[in-house]
Q: 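One structure, pasted below without further comment.
The sequence lines fix the lettering, A, B, ..., with proteins before strands; numbering per chain opens at 1.
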Amino acid sequence: MTRVFISRDMASVALGADAVAHAFADAGCEVVRTGSRGLFSIEPLVEVETEGGRIGYGPVTPDDAARILGGNHPNRLGDVAALPFFAAQQRFTFARCGIVDPLSLADYAAHGGWTGLDIARAAEPQAVVDTLKASGLRGRGGAGFPTGIKWQTVLDAPGGTKYIVCNADEGDSGTFADRMLMEGDPFCLIEGMAIAAHAVGATHGYIYIRSEYPFAIQTMRDAIALSADRIAPFTLEVRAGAGAYVCGEETALLDSIEGKRGQVRAKPPLPALAGLFGKPTVINNVLSLAAVPFILAEGADAYAKVGFGRSRGTMPVQLAGDVRHGGLFEVGFGITLGELVNDIGGGTASGRPVRAVQVGGPLGAYFPPSKFDLPFDYEAFTAAGGLIGHAGITIFDDSVDMAHMARFAMEFCAVESCGKCTPCRIGSTRGVEIVDRIIAARETEPARAATNDGTLGKALYSRAPDRIDVSLEAQTTLLRDLCDTMKYGSLCALGGFTPYPVLSALDHFPEDFGAAAPVTEAAE
Amino acid sequence: MGSDEAKALIDAWVGREGAGRDRLLPLLHNVQDAIGYIDDALVPAIAAALNLSRADIHGVLTFYHDYRRQPAGRHIVKLCRAESCQARGGAAIEAIAAERLGVAMGETRRDGQVTLEPVYCLGLCAIGPNAMVDGRPVARIDAAALDRIAIEIAA
Ligand SMILES: Cc1cc2nc3c(=O)[nH]c(=O)nc-3n(C[C@H](O)[C@H](O)[C@H](O)COP(=O)(O)O)c2cc1C
Ligand code: SF4
Ligand code: FES
């Protein structure tokens, strides 16, 4: 019987993979459902097992089954791993994703699974933490905090009960790596959490998955049941979110697990010392924890020798939005933004010029193509007024209206604010109103250079609506002032970083806000 | 489901899964999955079952976007409004969806047949605009796809 491999990833299913799988089963094939390889322009993808290895065809429809099994189909891709999109990657974390049956313990073990856990359990906890430190791994959830140092704090914390919490809330638009890993290689995350548990002395762990990811929730629950004996005495459970973006913030997430409103806690105390139920807690992103088995199995040096500056190892970059070859591209830090967008992603799907990219989700900055020489590196992005975040890159063509995107950033903050601080809760709504006034004014006012003198006072202190200075100049000044208040007056990054997309849109694309276009540097 | 039945469901769940404070979100999910929404009239029963105050339950119920306090339509279409779907024409699709499904974003159609809701990212960001139709993911939504969805929800 011919064996074929077809993804069961939520994205593949959204593109019709289930119907394709049925067609191949009806044609008498043994269908193995895998995770996604991670390139969506070739999905639904079918890989047929042959003596010379797996031969890929994609994209395909259910009607193509007979021709594919006959060996002649125009969308024959050959060895998928040899396609340029995959050959250029360094898959440390996603090595198995798209290849194995996600719920086969035999597959997992055959592809190097559990090696890291066995090595860790044969070593002292401190030695495991030292390996993590030496690897240079930094938190992949956004802030880039060194994982080994976080674990050290929890290891050193007094107290018998400690927890491992995996942050799988992945709310950023433009990101899907956590989802793909949980659906495509769930044992890898489980192994990473079991290693963390050994390293800090925890006995129970939680995986908090957003409710928008029903496939991941089901896959993780199944995988936990299947691997319970392998990770014992460590135990794990899945908690489903309830549609609150802010619950991705670590302390709000802990409150949510505790059964409360997902509101952000003031720090200190650090979760590492007083986290879930007041106990010392490791809270890490899915990708941080899923990088751990590789680090233990292959050694800290193997991980650390890849990278750029203080950003060591690989990053599973996600190419999203209006992109020709969207998907997951795991690569060492240091690759430039332009290489990712143009060379790997192939530019826009619409075929129009790229005008802007947003890096790092709804709290990340917008960059124009003139910034495409930026290396993918935590420090370089901070210096450029942005952030890497969870490494999602959303590509926009020249039809984008950046004032509308700035408005959306404020609107999103208003919808998702946990309500604890005024600049975020109220300021975001005021921000929407200001951008609305700018959009109204840019249609009527002629473009002119902005000066800040005196206009802020006029815009702020005029009480009656008919006395509000609704000129572009006054409203733009007010918007900058509001962003300043949000940036410095918010407890967490939702209120604090919403100014990044707003101000970067304003700075790099002033013409969309009714101001003069920036002077572009000579091409040479 | 009658209110006695609902209370029995709550008590049975708590008997099985425990009555700790951290059971609140899973319990609310369970009630909503079974009944479709969480009626305000059930708040006292939930509070009693977990030994929490009614105000506490109300606070949690109203904080999370997922929990419904009114019944939804027979079909639920969640359309992604986040940036990556916008980059692929999401705003225009939102307008067409409202028109083809005959209901404004965030509302339930008067005949109770469909609820159209926003969702902020489904993690399918390279193949948008995306939607969840009664829990089934659908990618690359265009006018033709919305016509198919409109036929589906007419049933
Ligand atoms: C509003 C907000 C949303 C966040 N969402 C996520 C998320 O979805 N996933 C995540 O891993 N971290 C998220 N974070 C970051 C977490 O607070 C925290 O830094 C992270 O879980 C730590 O894990 P790491 O060190 O492995 O990155 C968010 C932060 C904020 C302020
Ligand atoms: S900044 Fe916003 S989301 Fe963060 S704690 Fe304050 S109100 Fe809550
Ligand atoms: S932005 Fe729509 S699925 Fe991610």
Q: For the candidates Pro362(A), Gly345(A), Ala349(A), which exhibits the highest count of non-hydrogen atom pairs separated by less than 4.5 Å from chain B?
A: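 If we count pairs closer than 4.5 Å to chain B, Pro362(A) comes out on top.
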Q: Would you mind checking which part of Ser256(A) comes under 4.5 Å of any heavy atom in chain B, side chain (CB onward), backbone (N, CA, C, O), both or neither?
A: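 For Ser256(A), backbone and side chain are both near chain B.
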Q: Donor-acceptor check, side chain of Arg88(B) to backbone of Asp322(A), threshold 3.5 angstrom: yes or no?
A: no
Q: Just checking heavy atoms, which of residues 396-410 of chain A are less than 4.5 Å from chain B?
A: Phe396(A), Met405(A), Phe408(A)
Q: Tell me, do Cys418(A) and Phe63(B) make a side-chain contact under 4.5 Å, heavy atoms counted?
A: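 Cys418(A) vs Phe63(B): side chains touch.
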Q: Measure across Leu25(B) and Lys260(A) and return the closest heavy-atom pair with its distance rounded to 0.1 Å.
A: CD1-O, 4.2 Å
Q: Could you check whether any side-chain heavy atom of Cys125(B) comes within less than 4.5 Å of a side-chain heavy atom of Gln318(A), counting everything from C-beta outward?
A: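 No, their side chains stay 4.5 Å or more apart.
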Q: Between Val323(A), Val246(A), Leu15(A), which residue shows the highest count of heavy-atom pairs closer than 4.5 Å to chain B?
A: Leu15(A)
Q: Let's go through Arg239(A) and Asp22(B) carefully: what are the C-alpha distance in whole Å and the side-chain angles of both, what is the deciding distance for salt bridge (charged side-chain N to carboxylate O under 4.0 Å, His left out) to 0.1 Å, and is it a yes or a no?
A: CA-CA 10 Å; Arg239(A) 283 301 178 90; Asp22(B) 74 309; 2.6 Å; yes
Q: Hey, could you give me the CG/CG distance between Asp9(A) and Leu124(B), rounded to the nearest 0.5 Å?
A: 8.0 Å
Q: Who are the ring-ring contact (aromatic ring centres under 6.0 Å, His included) partners of Phe412(A), not counting sequence neighbours?
A: Tyr245(A), Tyr120(B)
Q: Spell out, as yes or no, whether a donor-acceptor pair under 3.5 Å connects the side chain of His65(B) to the backbone of Glu416(A).
A: no
Q: What are the residues of residues 49-58 of chain B, in order of number, with any heavy atom under 4.5 angstrom from a heavy atom of chain A?
A: none
Q: Within a radius of less than 6.0 Å around CZ of Arg110(B), do more than 12 heavy atoms belonging to other residues, nucleotides or ligands occur?
A: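 No, not enclosed.
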Q: Quick check against the 3.5 Å criterion: does Arg261(A) have a side-chain atom that pairs as donor or acceptor with the backbone of Val60(B)?
A: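 Side chain of Arg261(A) to backbone of Val60(B), a donor-acceptor pair under 3.5 Å: no, none is there.
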Q: Look at Gly326(A), Gly241(A), Ala216(A) and state which one has the largest set of heavy-atom pairs under 4.5 Å with chain B.
A: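 Top option by heavy-atom pairs under 4.5 Å: Gly241(A).
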Q: Indicate the atoms forming the closest heavy-atom contact of Thr175(A) with Cys121(B), along with that distance.
A: O-SG, 4.4 Å
Q: Can you tell which of His325(A), Gln358(A), Glu43(A) has the highest number of heavy-atom pairs within less than 4.5 Å of chain B?
A: Gln358(A)
Q: Can you tell me which portion of Ala177(A) sits under 4.5 Å from chain B's heavy atoms? Options are side chain, backbone, both or neither.
A: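 When you check distances to chain B, no heavy atom of Ala177(A) falls under 4.5 Å.
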Q: Under 4.5 Å between any side-chain heavy atoms of Glu212(A) and Val119(B), yes or no?
A: yes
Q: Once rounded to the nearest 0.5 Å, what's the spacing between atom CD1 of Ile393(A) and atom OG of Ser84(B)?
A: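 Reported to 0.5 Å precision, the distance equals 10.5 Å.
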Q: If you count every heavy atom of other residues, nucleotides or ligands that lies below 6.0 Å from Glu17(B) atom CD, does the total exceed 12?
A: yes
Q: Indicate yes or no: at least one non-hydrogen side-chain atom of Phe277(A) is less than 4.5 angstrom from one of Arg21(B).
A: no
Q: Considering only heavy atoms, which portion of Asp18(A) lies under 4.5 Å from any heavy atom of chain B: side chain, backbone, both, or neither?
A: neither
Q: Can you check whether Glu411(A) reaches Arg81(B) side chain to side chain, under 4.5 Å on heavy atoms?
A: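 They are in side-chain contact.
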Q: Going by atom types alone, do Tyr64(B) and Ser211(A) pair a side-chain donor with an acceptor below 3.5 Å?
A: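 The criterion, which ignores hydrogens and geometry beyond distance, is not satisfied for Ser211(A) and Tyr64(B).
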Q: Among residues 127-143 of chain B, which ones touch chain A with a heavy-atom distance under 4.5 Å?
A: Ile127(B), Met132(B), Pro137(B), Val138(B), Ala139(B), Arg140(B)
Q: For chain B, find which of Gly171(A), Gly327(A), Ala320(A), Ser173(A) contributes the most heavy-atom pairs closer than 4.5 angstrom.
A: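 Answer, by heavy-atom pair count under 4.5 Å with chain B: Ser173(A).
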Q: If the threshold is 4.0 Å, N to carboxylate O, is there a salt bridge linking Arg23(B) and Glu258(A)?
A: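 Salt bridge: no.
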Q: Could you look at Val415(A) and say if it's the side chain, the backbone, both or neither that has a heavy atom under 4.5 Å from chain B?
A: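 Both parts, backbone and side chain.
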Q: Side chain, backbone, both or neither: which part of Pro214(A) has a non-hydrogen atom closer than 4.5 Å to chain B?
A: side chain
Q: At a heavy-atom distance under 4.5 Å, which candidate from Ile257(A), Ile395(A), Thr348(A) has the highest pair count against chain B?
A: Ile257(A)
